[in-house]
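Only one structure is covered here, and it is reproduced in the block below.
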Amino acid sequence: MKITGWIFDVYAVDGGMRLWMIDAQGRKHRLLDPFSPAFYIGGAPAAVRPLVTFLSRLNLPLEITRTEGIEFYSGKTIPVTRVRTTNPIHFTKVARWCTSTAVQPEGSGISLYNCDLSLPQLYFFKRDLFPLAYCEVEVDPSGTIQAIVLLDSRWQTDYTTPPLVTMILRMEGGSLRPDQTGPRRLEVTIDGRTACLEADDEAGLIDRFDRLLLRHDPDLILSEWGDPYLLPRLIAMAKKKRFPLLLNREPDTGVVTRRERSYFTYGQVVHQAQAHLLLGRWHIDLHNSFLVDHTELEGLFEFARLSKIPVQQMARTTTGTGITSMQMDLAFQDGILIPWRKQESEAFKSADQLLLTDKGGLTYAPKLGFHEEVAELDFASMYPALMARYNISPETINCPCCPDNLVPEIGHHLCTKRRGLIPRFLEPFLAKRAAYKRLKKTTTDPELKARYDARQSALKWGMVTTFGYQGYKNARFGKIEAHEAITAYAREKLLQAKELVEAEGFEMIHAIVDSLWIKKQGTTEADYEALADRISKVCEIPIAFEGIYRWVLFPPSRSDREIGVPNRYLGVFRNGEVKVRGIEARRGDTPPFIRAAQTEMIACLSQAKNREEYEALLPQVEAIREAYRERLKARQVSFWELAISKTISKSPAQYQKDSLTAIVAKELAGRGVRLSPGESISYVITDSKARVKSDRARALGFIDGSWGFDAEKYESLLTQAAEILFPSPPDQLRQRKLLP
DNA sequence: AAAGTACGGGG
DNA sequence: GTGTACGTACTTT
């Protein structure tokens, strides 16, 4: 029998991989693909022998043979021992034995390869398939797969996805985490109908929920707070009532959980809630997924397809893990042995070399205040473009064969003989993103446009982390020297561009890492396009002309009014598009009320064509501020509009200072809400100067009519948000006695 | 004044 | 189970 459809889910079961397919009619097919994954042991025969002896005594169906593979860093073919587990359910266990220090003590001279990949990854790598791939499968009557023909490609931009029956699971009203508010009802939406289930009748709730599951058999359970709250409670209720809860499609299995964790990334603590993964069905928590949060399901599907990580797992992991998986796949297809963990340490550097290499991106201070007719030029995806152009990769940096191909400023050199894994990974990745950006521009259908935009945005995050991983000491395919080479080239390019435009008589208003703001009287858009082409030629990577601002404003730093801040500005392009960076309207911790006020003021100012018109509009901006102030005074603002959301960086008890965030985190903890670093809380400022600290702010979810808000405090936030829009150089401020 | 805390940026 | 920079702004003590 032949089945044509999309690969929906893959996981290991006794005797093979369970493969779920969904066809165009929405029928689900539960299939089995026998699969024998392998890992490899390298090292001197004398060192490997004891491990092989140990493995052969395990009394498990293993196949141990001698073979060869390519060592990643040297590119040389080396002899290795292949350990194949005939039944995939033994793989992880056996591989873990080998990696455990008991079996492989430090300094044993053994190297392990391909041993720490998940089974779906190994399966997809080996079969050259991927999640959501459209294919034709030949199965025998028992449902065992005989052959799979791929009718799809990961590099296709116009792929289709299977029809999915979706159940939406959330608590009634609001998007706050359920335990951060009072009791509410459970809302189950499926097939266009919503059922509300009362939480106090546990047996009834579980019974009704189970019946909905059985009747509709959803492929996807899309939840709000399903991971940290809804699913654990449903599962616990079912257990208490001894009621079978049929969350999985795979019979006689439990829900797979993964522990919650908090980790630090890019200077911020991130919290990943406990995961609840289903078998043969997807559970995706909208609030527990970086990718879904930033790029919707569309971006998640794109990443799952490219990375070969199943959808549910991809939803809960980082884009860094996704791009690493893509790089491992590329290596796998080339017969490269995938190193178990990073083995190379940072090469020695002298003190003065350290100073040169650790500089990172180049940043200038912008010329303060209001500017007309400024053009912006941006190097497109600068860091990935540099990696691709200069062959920057962990195995090509400081190779033994090309000591003369030097990186600017620093002593590193790059390989000219072997194309690196990272550049090879980036080429199709960059091309696919460019294709989506093109499609987004040329498509008129708004739905398609949004889809292409979500996908290109997902790929953007992949590129950002590709660079970031080079500087991360535990990255599988990263090396700090490669990171340094990238930033060294980036500084060189920005300097070259700066010199070129200044030589041509342009005034530089601002420059930062990969962007330039410049002006010269009478320069047309065509002139700027031509200028961008000249810079691209000189710099060997593309720079794009973003547009001409009617006006752009670089407000002064609040700590030093003489200087500007690199990443705080607002401007309006000739086509009316507003660009805002760093100010209140862009920040995640600005209350919706203040955000709305500032956004409205900026929209008003965006009509101005020049400084004169801008200043003429300032009274209108004042009027907008006044209207918002009136609403505060009349107390016609909801708590929701005044809520401030913050990510807590530590558990409530660890706070040393009683900031409003700490006060509210402690209030919530007192109400029995478990809060981990990286989770967010929302609060309203009730009385910022109150003696009793707990009266200063209250958690949004528990605040009631007996509380008021601190109108004065919100008014000062409003004033701040407005004042930044008033352009005045320091000397004028002095004249007006606003500065000493 | 110093220390603690949180945010952005990437399109 | 994988990005620990860096500068700014604001608060508390």
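Chain letters run A, B, ... following the sequence lines, proteins first, then strands; residues in each count from 1.
- Taken from CD1 in Ile309(A) to CD in Gln121(A), the straight-line distance is 5.0 Å, to the nearest 0.5 Å.
- Counting to the nearest Å, the P atom of dG9(B) and the NE2 atom of His510(A) are 12 Å from each other.
- Between Phe467(A) and Trp461(A), the gap from one ring centroid to the other reaches at least 6.0 Å.
- For Phe264(A), the listed nucleotide lying nearest its side chain is dT4(C); candidates were dT4(C), dA9(C), dG3(C).
- By the 30° and 60° cut-offs, the orientation of the rings of Tyr569(A) relative to Phe554(A) is tilted.
- On the C1' atoms, dC6(C) is 11 Å away from dG9(B), given to the nearest whole Å.
- Taking every side-chain heavy atom of Lys646(A) into account, dC7(B) is the closest of dT4(C), dG11(B), dC7(B).
- At the heavy-atom level, Tyr383(A) lies nowhere under 4.0 Å from the strands shown.
- Closest approach to the Thr318(A) side chain among dG3(C), dG8(B), dA9(C) is made by dG3(C) (side chain taken as heavy atoms from C-beta onward).
- Applying the 4.0 Å criterion to OP1 and OP2 of dA3(B), one finds that Gln656(A) has every side-chain N and O outside that range.
- Contacts of Gln654(A) with the nucleic acid, taken as non-hydrogen atoms under 4.0 Å apart, are absent.
- Residues from residues 657-668 of chain A lying near DNA chain B, meaning a heavy-atom separation below 4.0 Å, are Lys657(A), Thr661(A) in numerical order.
- One donor-acceptor pair, N or O on each side, does fall under 3.5 Å between the base of dG11(B) and the side chain of Arg586(A).
- Applying the Watson-Crick and G-U wobble criteria (two distances, each under 3.5 Å), dA1(B) pairs with dT13(C).
- Partner assigned to dC7(B) is dG7(C), using Watson-Crick or G-U wobble distances below 3.5 angstrom.
- Thr321(A) comes within contact range of at least one nucleobase, with a heavy-atom separation under 4.0 Å.
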